[in-house]
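Here the structure comes first, spelled out in structure tokens, and everything after it is commentary.
Because the structure is predicted, anything quoted here is derived from the model rather than measured. The figures that follow rest on heavy atoms only: side chains count, while hydrogens, waters and symmetry mates do not. Just so we're on the same page: letters track the sequence lines, and every chain starts at 1.
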2 protein chains.
Amino acid sequence: MPTLLDISRKTGLSVATVSNTLNGRPGYSKATQLLVQRTAKELGYTANPLALGLLGKSTRTIGLLWSLGGPHSAEGMARDIALRMQHRGYVTHLTDSLSDPDVVGRQLADYRRRGVDAVVIQYESGVVTEEICRQLKGFSAAVAVGPVEPFDEIDWIHHDMPNGYRQAVNHLADSKRTRPALLVHAAVAVHKIKAFLEQCRELGMDVSDRSIINFPANGIHKQFASLCRQSLDERFSREFPFDSLICQCDELAAAAIAWLRERGVRVPEDVAVIGCNNAMLAESLWPPLASIERHDEKVADEIEKLVFSRLDDSDLPARRRNVQSQFIWRESAGKRLSPKTNVKLSGGL
Amino acid sequence: MPTLLDISRKTGLSVATVSNTLNGRPGYSKATQLLVQRTAKELGYTANPLALGLLGKSTRTIGLLWSLGGPHSAEGMARDIALRMQHRGYVTHLTDSLSDPDVVGRQLADYRRRGVDAVVIQYESGVVTEEICRQLKGFSAAVAVGPVEPFDEIDWIHHDMPNGYRQAVNHLADSKRTRPALLVHAAVAVHKIKAFLEQCRELGMDVSDRSIINFPANGIHKQFASLCRQSLDERFSREFPFDSLICQCDELAAAAIAWLRERGVRVPEDVAVIGCNNAMLAESLWPPLASIERHDEKVADEIEKLVFSRLDDSDLPARRRNVQSQFIWRESAGKRLSPKTNVKLSGGL
DNA sequence: CTGAAAGCGCTTACAG
DNA sequence: CTGAAAGCGCTTACAG
């Protein structure tokens, strides 16, 4: 790998001169500038990021602190972001936060030492503590992506997943469903549970704590489907007392549909089912699976914009962006009843 | 962040002494060793990877050069590997190779400059050129994961995806299917196509170039399903002339099943359908979707072992590992006929 | 047993 | 207009 010293020797100029002209510092003769630039190009010179980092300058590195362990896998995003960074000449560090503040704290410290320019942290509630915010502010840029506002003045993308759940509940109410249930990993889905219950109550539906079916899964894995059936079996040995079911991911929804089918329950006639994340397979299922679109590509857009605008100008005030999830209707959710037919058909459900 | 100088000042010892004892170099008094170690712990000292990298030592970094753009998304792996590396105190660079040798070459050069210790490159045929092998050998460790042997002495994991396709063909032959088709992105699936055709011919099935249905998708995206229907519509306006179909991914298989169902074709009675990658949703489909399990977790296991064993001992010879994909039977593939019933039933299919 | 010196590849005052 | 010098945080001969 060619260094400044190589250019210096080849041109007969000092290393300082080479560095200065290469960085566009004024006060050098046109001839020198041209000579240096030409030689640099000839040799294929690029500044060593390690050396720059040691001096506290940019290493063209961004750190992705992702909680990949959740019940859905946000991995499409990691890829998307890495590719965007790559196009801008940046390199991406990928780390799993494991949704643990201690892990996050340690990784952030490591990122600092490595001269990472910007960090993007994706979190569930409770992870971004005050101390972690302090650490985040030590980077040239930091973007928090999550459901709750960070403690401090950090650029924040509010990924509003509950919104899609509310829309889904609206649809169920429109279809005259009255006894909805929510199938989620309760430990990490507090905001979704809250949104679900609130919206149901507002619309006069019949819900209680028993409407929340806990699915005790730590992450997605191959035994997912049988685990789902098993926990449904345990809880509902006799009959399934709900007329609609929203699930935390499409995989869960598909497993639930299979389970219902085995027991002679028709979807959507007897029970409407709605998944989440809008997996590519959803529309190919039978019945096609209604879902909630995360709009991860919008999140990625905002991340890119926030990171690079701040890297350009550190004086920017803290910014907030909002990305809302969105209910996607498909047959499994049951037809929406138009206002006119409502009266006639409502008894039939 | 505490530095050696901090420890030096606090203990009154020279920076060289601190460095030497911290690195366990012999010849220092017990007292000094203890003092330095205690102080280092007190201060929470860790060596700066940037400085180490500049000296050509380990930065505890590994680079993942992934071709994420293919028709299946190998993203679960990136996460898995990143997590394993993290547990060993390493940090992971994630880069998309875009299946382009130029991109790979450039990224590899960047990795070098950044002092990356090991690189894991995942490729399709044609990407790992001789020149790229040369670059790979410049790292302390390099593992190639792909369908063809690399040119040179590089640790290689042969991820044998064609194997599962061959097993799937065997199953179809056992079930007396005679006119199989393969639905793939032909440009990148050369080895799978070859294995499919060879195995079919060996078993006396009726195949030709027309048995390969090209699906012109560059990457997985939301319009996948409708794109699939569309290309099937174009090619088979009147009737579907096959009795079985293997698809390059489960998403494609599900879309094909939906398309067949719309035209009154029964799965698996009229056409057996087999997917690939064994998505979590596969077993919850109706009929449950047969698939091909990639065994990515085994690949990840081997990657971890190969990388760290070589980092431990650079004198190891180049090693080869084999991970075979595996056909997973489910209803969509149609029942296997036992040898006895074959004779009786064979006419019925 | 310990430390002064040089150097990895760069940048930044500062002197000339 | 240009270059010598110091320094970022570390390691490695080498001298004492």
Can you check the [X] [atom1] to [N] [atom2] distance for me, whole Å?
X: Leu55(B); N: dG7(C); atom1: CG; atom2: C1'; result: 8 Å
X: Leu52(B); N: dC8(D); atom1: CG; atom2: C1'; result: 13 Å
X: Asp6(A); N: dC8(C); atom1: CG; atom2: P; result: 11 Å
X: Arg114(B); N: dC10(C); atom1: CZ; atom2: P; result: 13 Å
X: Asn48(A); N: dT11(C); atom1: CG; atom2: P; result: 10 Å
X: Tyr45(B); N: dG9(D); atom1: OH; atom2: C1'; result: 7 Å
X: Gln33(A); N: dC1(D); atom1: CD; atom2: C1'; result: 11 Å
X: Leu22(A); N: dC10(C); atom1: CG; atom2: P; result: 10 Å

Given Ile7(B), which partner from the list Leu13(B), Thr21(B), Leu43(B) fulfils the side chain to side chain contact (heavy atoms under 4.5 Å, CB included) test?
Leu43(B)
Picking from dG9(D), dT11(C), dT12(D), which would you name as closest to the side chain of Leu4(A)?
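Nearest to the side-chain atoms of Leu4(A), counting from C-beta on, is dT11(C).
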Between dA4(C) and dG7(D), how far apart are the P atoms? Round to whole Å, please.
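Roughly 15 Å separates the two P atoms.
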Taking the side chain from Asn48(A) and the backbone from Leu50(A), do they hold a donor-acceptor pair closer than 3.5 Å?
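It does hold such a pair.
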Donor-acceptor pair, distance only, cut-off 3.5 Å: does the side chain of Ser309(A) make one with the backbone of Lys305(A)?
yes
Mind checking if Leu50(B) touches a base, just sugar-phosphate, or nothing, with heavy atoms under 4.0 Å?
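It contacts nothing in the nucleic acid.
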Is any side-chain nitrogen or oxygen of [X] closer than 4.0 Å to OP1 or OP2 of [N]?
X: Ser19(B); N: dT11(D); answer: yes
X: Thr17(B); N: dG3(C); answer: yes
X: Ser14(B); N: dG3(C); answer: yes
X: Thr32(B); N: dT2(C); answer: yes
X: Asn20(B); N: dT2(C); answer: no
X: Ser29(B); N: dT2(C); answer: yes

Which residue lies toward the 5' end of DNA chain D, Ala16(A) or Gly27(A), if each is placed at its nearest nucleotide?
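Nearest-nucleotide comparison on DNA chain D picks Gly27(A).
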5'-most by nearest nucleotide on DNA chain C - Leu54(B) or Lys30(B):
Lys30(B)
Across all strands, who's sitting opposite dA4(C) as a Watson-Crick or G-U wobble pair, both distances under 3.5 Å?
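Partner of dA4(C): none.
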Across all strands, who's sitting opposite dA13(C) as a Watson-Crick or G-U wobble pair, both distances under 3.5 Å?
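WC or wobble partner does not exist here.
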If the plane angle is over 60° it's perpendicular, under 30° parallel, otherwise tilted; pick one for Tyr90(A) and Phe308(A).
perpendicular
Evaluate the ring planes of Tyr111(A) and Phe139(A), with Trp represented by its six-membered ring, and classify them as parallel (under 30°), tilted (30 to 60°) or perpendicular (over 60°).
perpendicular
Do Val103(B) and Gln86(A) come within less than 4.5 Å of each other through their side chains, counting heavy atoms only?
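Contact flag for Val103(B)/Gln86(A) side chains = yes.
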